[in-house]
Amino acid sequence: MPTLLLTGFEPFHTHPVNPSAEAADALDGLELGGVRVRSALLPVEPHAAAQALRGLLATHPPDAVLLSGLAAGRPQVTLERVAVNVMDFRIPDNAGRTYRDAPACAEAGAPTAYLSTLPLRPILAAWREAGIPGDISNTAGLYVCNFVLYHALHHLAQQGRAHVPCGFLHVPANAAVALAVPEDRPALPYLPQREITRAVRVAAEVLAGHLS
Ligand code: PCA
């Protein structure tokens with residue numbers, strides 16, 4: 001059976017949980033439209049995350065890759081259109097490191113950017129059909145999520161597997177993340193975790209449908 005690699009991230013910064021990890025965990029092992037979901041958790045540290053990702057792509061080469069992470073402050077689920085070859089962190093990663101104006105990939109000839117190869121419009125349409133407001137985002141930021149999307153697409157391209165659909169879905173805060181915001185900080189928009197998980201599931205179902 002074809003497999004879909006679904007990744008979420010560990011908690012980071014001041015967030016007590018990461019809703020992307022909870023969604024990935026909830027969907028792990030499910031068969032969606034004839035495709036088996038294999039979930040994995042990535043560290044919020046660029047080089048450790050890239051290494052983990054390379055291992056996941058090599059051990060059981062997936063037929064589709066759906067990466068996900070938290071974008072605290074966004075009011076809706078969003079599909080990233082592009083990953084750029086830049087790291088510029090406003091907050092340290094979970095190893096305490098901050099990268100400024102650095103390349104995500106320093107290899108000679110590494111492209112400036114990669115475009116998502118997910119079926120973006122069909123996923124948006126399926127969300128709408130399912131009553132889930134969502135949108136395309138034209139920047140995944142310059143932090144670990146952008147880095148991981150860049151490296152996933154770069155790795156697939158280098159392996160001659162650019163035909164494997166691969167992209168990134170950013171989810172809003174869930175209630176636990178929103179409740180952890182101190183009273184003197186601006187409140188975060190949030191979605192209940194079950195809606196976040198449902199949005200990831202619908203995206204995975206569309207992706208599964210594109211494989212058959
Ligand atoms: N969100 C961060 C990194 C981990 C996560 O879940 C980001 O958007 O880069």
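The heavy-atom pair separating Ala208 from Gly33 by the smallest distance is CB-O, 4.2 Å. Of all heavy-atom pairs spanning Ile196 and Ala173, the tightest one is CD1-O, 3.8 Å. Minimum interatomic distance between Pro43 and Ala49 (heavy atoms only, all atoms of both residues): O-CB, 3.4 Å. Shortest non-hydrogen contact noted between Ala162 and Ala157 is CB-CA, 4.3 Å. Among all heavy-atom pairs drawn from Val17 and Ala176, the shortest one is CG2-CB, 3.9 Å.
In this structure, Trp127 and Val77 have side chains that are in contact, with non-hydrogen atoms separated by less than 4.5 Å. Residues Phe9 and Leu70 form no side-chain contact, since every pair of their non-hydrogen atoms from C-beta on lies 4.5 Å or further apart. No side-chain heavy atom of Gln159 sits less than 4.5 Å from a side-chain heavy atom of Leu57. When side chains are defined from C-beta on, Phe12 counts as touching Ile91, because their heavy atoms get closer than 4.5 Å. Residues Met87 and Val144 fail the side-chain proximity criterion, which asks for heavy atoms closer than 4.5 Å. At a threshold of 4.5 Å between non-hydrogen side-chain atoms, the residues Ser39 and Asp25 do not count as touching. Between His154 and Pro111, some side-chain heavy-atom pair lies under the 4.5 Å cut-off. With a 4.5 Å cut-off on side-chain heavy atoms, Leu53 and His155 do not count as touching.
Under the rule for a side chain to side chain donor-acceptor pair (under 3.5 Å), the partners of Arg201 that lie at least two apart in sequence or sit in another chain are Glu205. Partners of Arg36 under the salt bridge (Lys or Arg N to Asp or Glu O under 4.0 Å) rule, at least two apart in sequence or in another chain, do not exist in this structure.
Within the structure, the salt bridge (charged side-chain N to carboxylate O under 4.0 Å, His left out) test picks out the following pairs touching residues 66-78 (sequence neighbours left out): Arg74-Glu80. Sorted by first and then second residue, the side chain to side chain donor-acceptor pair (under 3.5 Å) pairs with a member in residues 89-99 form an empty list; sequence neighbours excluded.
Ring planes of His47 and Phe147: perpendicular class, angle over 60° (limits at 30 and 60°).
Looking at Asn85, its side chain never comes within 3.5 Å of a backbone N or O of Pro103 through a donor-acceptor pair. The main-chain N or O of Ala104 is found under 3.5 Å from a side-chain atom of His151 such that the two form a donor-acceptor pair.
Counting only N and O atoms by type, the side chains of Glu45 and Gln51 include no donor and acceptor under 3.5 Å apart.
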Could you list the donor-acceptor pairs under 3.5 angstrom formed by side chains in residues 181-194, with sequence neighbours left out?
from	atom 1	to	atom 2	distance (Å)
Gln193	OE1	Asn174	ND2	2.8
Gln193	NE2	Pro19	O	3.2
Gln193	NE2	Thr197	OG1	3.2

Acceptor/donor pairs from residues 60-69 side chains to any protein atom, 3.5 angstrom cut, sequence neighbours excluded:
from	atom 1	to	atom 2	distance (Å)
Asp63	OD2	Thr3	N	2.8
Ser68	OG	Thr7	O	2.8

